[in-house]
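Letters go in sequence order (proteins before strands), and every chain restarts at 1.
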2 protein chains.
Amino acid sequence: MNKPVTIKDIARKFRCSPSTVSRALNNHPSINEDTRRNLQEYAQKVGYQRNQVSLNLLNTKTASIGVIVPTINNYYESAIIEGIDAVLHPLGYTLNICVTNERYLLESEYVTKLLSNRVEGIFLSVSQETYDSGHYEHLENVGKRNLPLIFIDRDYEGFSAGSVTIDDYHGAFAAVEHLISTGRKRIAHLKGPNGMAVTEQRFRGYTECLTKHGLPVEERLIINTNFKVESALEPTAQLLELDHRPDAIFGVNDQVAIGAMKVIREKGWRVPEDIAVVGFDNSPISAYISPSLTSVGRPGRQIGEEAARIFLNYLDATTKKDVPVHIVLPSELIVRDSSRGI
Amino acid sequence: MNKPVTIKDIARKFRCSPSTVSRALNNHPSINEDTRRNLQEYAQKVGYQRNQVSLNLLNTKTASIGVIVPTINNYYESAIIEGIDAVLHPLGYTLNICVTNERYLLESEYVTKLLSNRVEGIFLSVSQETYDSGHYEHLENVGKRNLPLIFIDRDYEGFSAGSVTIDDYHGAFAAVEHLISTGRKRIAHLKGPNGMAVTEQRFRGYTECLTKHGLPVEERLIINTNFKVESALEPTAQLLELDHRPDAIFGVNDQVAIGAMKVIREKGWRVPEDIAVVGFDNSPISAYISPSLTSVGRPGRQIGEEAARIFLNYLDATTKKDVPVHIVLPSELIVRDSSRGI
DNA sequence: CAAAAAATTTCAAACGTTTGCGAACCACTT
DNA sequence: AAGTGGTTCGCAAACGTTTGAAATTTTTTG
């Protein structure tokens with residue numbers, strides 16, 4: 001680990017001033033052609049890399065923005081990041097990705113770190129713990145700085161921040177309505193962890209759709225999972241042992257739906273003939289498993305892009321107190337084999 | 001977007017020097033108890049956040065390290081990142097995650113950016129384009145700086161860098177040997193893109209295992225894919241139309257294997273009775289699809305952890321020219337239903 | 001009360017770079 | 001000889017913070 005070569009080092013070597021070196025390397029016109037060439041060649045030779053840290057300090061800006069997400073280990077989240085990057089990278093911004101693993105402490109820590117690293121904006125997909133606890137003090141300083149803050153996935157009213165969310169409610173509603181339209185009457189729901197926005201909105205879509213169609217909302221048909229495939233196994237087994245077993249299962253996401261399908265078949269039932277299954281996320285494999293999985297798609301990439309645009313609008317905003325922008329993107333039901341009509 | 005409050009601002013407000021403020025906020029002992037409390041309270045109130053950028057400049061270190069990966073949209077890569085973070089986060093390091101989408105240009109750009117942002121080490125999983133082109137000039141300056149560089153997944157001999165790789169060869173070998181041991185004799189391979197290390201090593205495991213067991217390596221049974229599930233559809237269809245169809249398919253990864261299974265069943269064959277299928281990655285769903293997928297597991301998290309430890313050793317190394325560390329972790333075959341004996 | 005000791009605060013430099021302004025130099029022109 | 005104009009370069013300040021050493025104030029001591 002050698003010390004990086006600095007402009008001063010080069011200046012000393014050439015017995016000239018740092019200003020000259022700086023100008024030479026930046027192709028400033030008022031530098032003699034020869035000196036410019038010599039300096040540039042030497043800089044190249046010794047592997048000079050301008051110290052961006054010092055520039056960030058000088059300009060009091062960093063051209064970097066923070067992205068805090070609960071996890072990157074799934075299609076949806078990484079699509080969001082891709083979307084943000086697609087818009088902001090061409091403008092010279094660097095993404096600072098932070099993964100909280102759904103932990104409040106990490107989220108809080110990352111916010112502080114990003115703040116003190118002087119990012120120019122923060123994209124935040126609130127962790128489960130944060131959402132559960134309702135603690136938003138870690139965002140106070142973001143507010144004080146009036147730094148562009150854009151909520152992704154989960155909105156929070158306490159701040160004058162932008163947000164891009166998904167219409168989980170109508171997605172769930174459509175999924176359940178589809179099941180009803182194919183003749184299913186006892187539709188179970190493998191719910192996510194209580195209290196989370198995604199969970200509750202999908203749940204509301206589920207219940208309200210049932211109600212609209214005159215079907216009862218049975219508590220026994222609603223069981224919690226934690227989004228992971230394993231967490232669907234036991235609940236599904238439970239559902240199948242009911243006196244009056246469900247004829248359809250709506251999973252809070254694809255993982256859960258896949259877990260449900262596995263158990264259904266292990267117990268000797270058929271999908272979709274005996275029990276239809278619908279998931280949420282339209283993850284890439286959902287089309288390729290067997291039977292292919294009906295699912296509600298979320299436009300992850302588009303979320304990222306919209307969020308990035310909101311950020312850019314913030315920067316342009318001349319009037320300080322613009323009304324924060326809230327965008328709700330539609331989700332889309334994609335019907336496949338796991339829920340074909342009986 | 002307000003200007004962040006600086007130590008100078010506070011000093012001006014309290015008619016004292018910046019040094020006093022700095023020491024007060026850092027609980028330096030030689031500061032009067034009252035002034036300390038006053039300053040700290042005020043700093044808290046106005047949301048002062050120390051400017052890490054200036055500190056990085058002052059200390060000529062950043063406590064951040066760069067992680068360059070081709071993609072984050074899969075279990076394996078994100079497990080690696082998790083592993084790195086698990087070791088380095090407790091030590092105060094920040095991860096700077098860069099996603100290249102398998103592009104050389106982006107990789108090169110990110111290396112430069114990380115270098116000029118003065119990261120203290122770089123973890124690099126070389127992009128496909130880089131590997132194909134064999135261009136490693138973008139790493140020259142990393143070499144000149146003698147900055148800790150650890151290759152992940154794909155080693156490259158040109159640099160005195162550490163590396164943590166997976167024993168793809170033996171993993172593939174074991175997978176094919178398993179298929180042979182269950183009586184399969186015509187084993188096809190859905191290969192990755194030519195030239196990539198993972199691809200070729202798994203391919204070598206495949207061919208050498210066949211040869212060892214006296215089975216012919218038939219060109220018609222080897223077709224390229226691009227790792228994605230769609231890219232397996234057409235090739236699999238081709239394989240099934242051969243006069244003498246294969247009785248097993250070894251996919252370069254799980255995605256491809258899942259695509260193959262879909263086509264096999266659509267054409268009316270059974271897995272594993274007619275055709276066995278084996279994948280690579282042991283991705284979480286592989287256990288839960290039907291039939292569950294036999295797969296070779298890669299310990300992503302462990303890779304990250306080992307890589308981080310190599311990095312830490314670099315730092316400790318008193319002798320400059322230590323021999324770079326190369327670790328090869330084993331992969332592990334996990335047998336499931338898709339390849340049960342006939 | 002003076003002097004010494006202790007407590008508290010300020011000064012100045014440093015990290016690496018950019019940039020407005022002015023200085024030095026040269027060649028020409030009048 | 002003096003002015004003009006152009007080219008090329010250096011000086012110094014700035015970004016925000018820390019820190020050793022020096023300066024100031026307060027307290028203790030004889």
Side-chain angles (χ1 to χ4, degrees), chain A residues 1-40 43 46-64 112-113 115-120 141 145, chain B residues 1-40 43 46-64 112-113 115-120 141 145:
Chain A
M1 264 215 298
N2 316 328
K3 264 205 183 62
V5 178
T6 74
I7 251 180
K8 285 183 188 175
D9 296 332
I10 301 180
R12 209 171 304 125
K13 175 91 180 178
F14 278 74
R15 293 181 211 290
C16 68
S17 77
S19 340
T20 305
V21 181
S22 171
R23 291 197 172 96
L25 298 182
N26 290 319
N27 290 315
H28 191 282
S30 78
I31 291 291
N32 182 281
E33 188 54 41
D34 288 342
T35 43
R36 184 217 315 277
R37 200 171 352 92
N38 286 336
L39 287 171
Q40 286 191 352
V46 297
Y48 170 78
Q49 300 268 159
R50 94 207 296 203
N51 185 331
Q52 186 63 45
V53 177
S54 75
L55 267 187
N56 289 343
L57 178 60
L58 183 62
N59 301 327
T60 52
K61 54 199 280 215
T62 57
S64 72
T112 306
K113 193 167 268 183
L115 235 32
S116 75
N117 277 325
R118 297 298 187 258
V119 296
E120 299 178 18
N141 283 335
R145 280 274 319 271
Chain B
M1 263 214 298
N2 315 331
K3 265 204 186 60
V5 178
T6 74
I7 250 178
K8 285 184 189 174
D9 295 332
I10 301 180
R12 210 171 303 125
K13 176 90 181 178
F14 278 73
R15 291 182 213 291
C16 69
S17 77
S19 340
T20 305
V21 181
S22 170
R23 291 198 167 94
L25 298 183
N26 291 317
N27 289 316
H28 190 283
S30 77
I31 291 289
N32 182 283
E33 189 52 43
D34 288 343
T35 44
R36 185 218 315 276
R37 197 167 0 86
N38 286 335
L39 288 171
Q40 286 189 353
V46 297
Y48 169 79
Q49 300 269 157
R50 91 209 296 203
N51 185 332
Q52 186 62 45
V53 178
S54 76
L55 265 189
N56 290 343
L57 179 61
L58 183 62
N59 302 328
T60 53
K61 55 199 284 216
T62 56
S64 73
T112 306
K113 193 167 268 182
L115 235 32
S116 74
N117 277 326
R118 297 296 186 259
V119 296
E120 298 178 20
N141 284 334
R145 280 276 318 272

Rounded interatomic separation in angstrom, taking CD1 from I31(A) and P from dT19(C):
13 Å
Pick base, sugar-phosphate or nothing for R50(B), based on heavy-atom distances below 4.0 Å to the nucleic acid.
sugar-phosphate
Can you tell me if the side-chain N/O atoms of Y48(A) get under 4.0 Å from OP1 or OP2 in dT17(C)?
yes
Once you round it to whole Å, what is the distance between P of dT8(D) and CD of E33(A)?
9 Å
dT17(C) P sits how many Å from N56(B) CG, rounded?
15 Å
How close do R50(B) and S116(A) get, heavy atom to heavy atom, and via which atoms?
O-CB, 3.0 Å
State, to 0.1 Å, how close A43(B) and L25(B) come at their nearest heavy-atom pair, and which atoms those are.
CB-CD2, 3.7 Å
Are S22(A) and S19(A) linked by a side-chain donor-acceptor pair shorter than 3.5 Å?
no
Would you say the base of dT10(C) and the side-chain of R23(B) have a donor-acceptor pair closer than 3.5 Å?
yes
Rounded to whole Å, please give me the gap between CG in N117(A) and C1' in dG16(D).
14 Å
Separation of dA6(C) atom P from N32(B) atom CG, nearest Å, is 18 Å
Whether the side chain of N26(A) engages the backbone of H28(A) through a donor-acceptor N/O pair (distance < 3.5 Å, no angle test) should be reported.
no
Find the distance N38(A):CG to dT8(D):P and express it as a whole number of Å.
14 Å
Checking R15(A) side chain against R12(A) main chain: does a donor-acceptor pair fall under 3.5 Å?
no
Any chance you could measure N51(A), atom CG, to L58(A), atom CG, to the nearest 0.5 Å?
11.5 Å
What is the distance, to the nearest angstrom, from the CG atom on L39(B) to the P atom on dT18(D)?
13 Å
Quick one: label N26(B) by what it contacts on the DNA or RNA (base, sugar-phosphate, nothing), any heavy atom closer than 4.0 Å.
sugar-phosphate
When you measure from the side chain of N59(A) to the backbone N and O of K61(A), does any donor-acceptor pair fall under 3.5 Å?
no
For nucleotides 13-15 of chain D, give me every protein contact, N/O to N/O, under 3.5 Å, one pair per line with atom names.
unit_1	atom_1	unit_2	atom_2	d
dC15(D)	O2	L58(A)	N	3.2

Measure across V5(B) and Y48(B) and return the closest heavy-atom pair with its distance rounded to 0.1 Å.
O-CD1, 3.2 Å
Can you identify which nucleotide, out of dT10(C), dT17(C), dT19(D), has its nearest atom closest to the T20(B) side chain?
dT10(C)
How close do Q49(A) and N141(B) get, counting heavy atoms only, and between which atoms?
OE1-ND2, 2.7 Å
Looking at DNA chain D, which of residues 12-19 of chain B put a heavy atom within less than 4.0 Å of it?
S19(B)
Give the rounded distance in Å between these two atoms: CD1 of I7(B) and C1' of dT18(D).
8 Å
Comparing T35(B) and L55(A) on DNA chain C - which has the more 5′ nearest nucleotide:
T35(B)
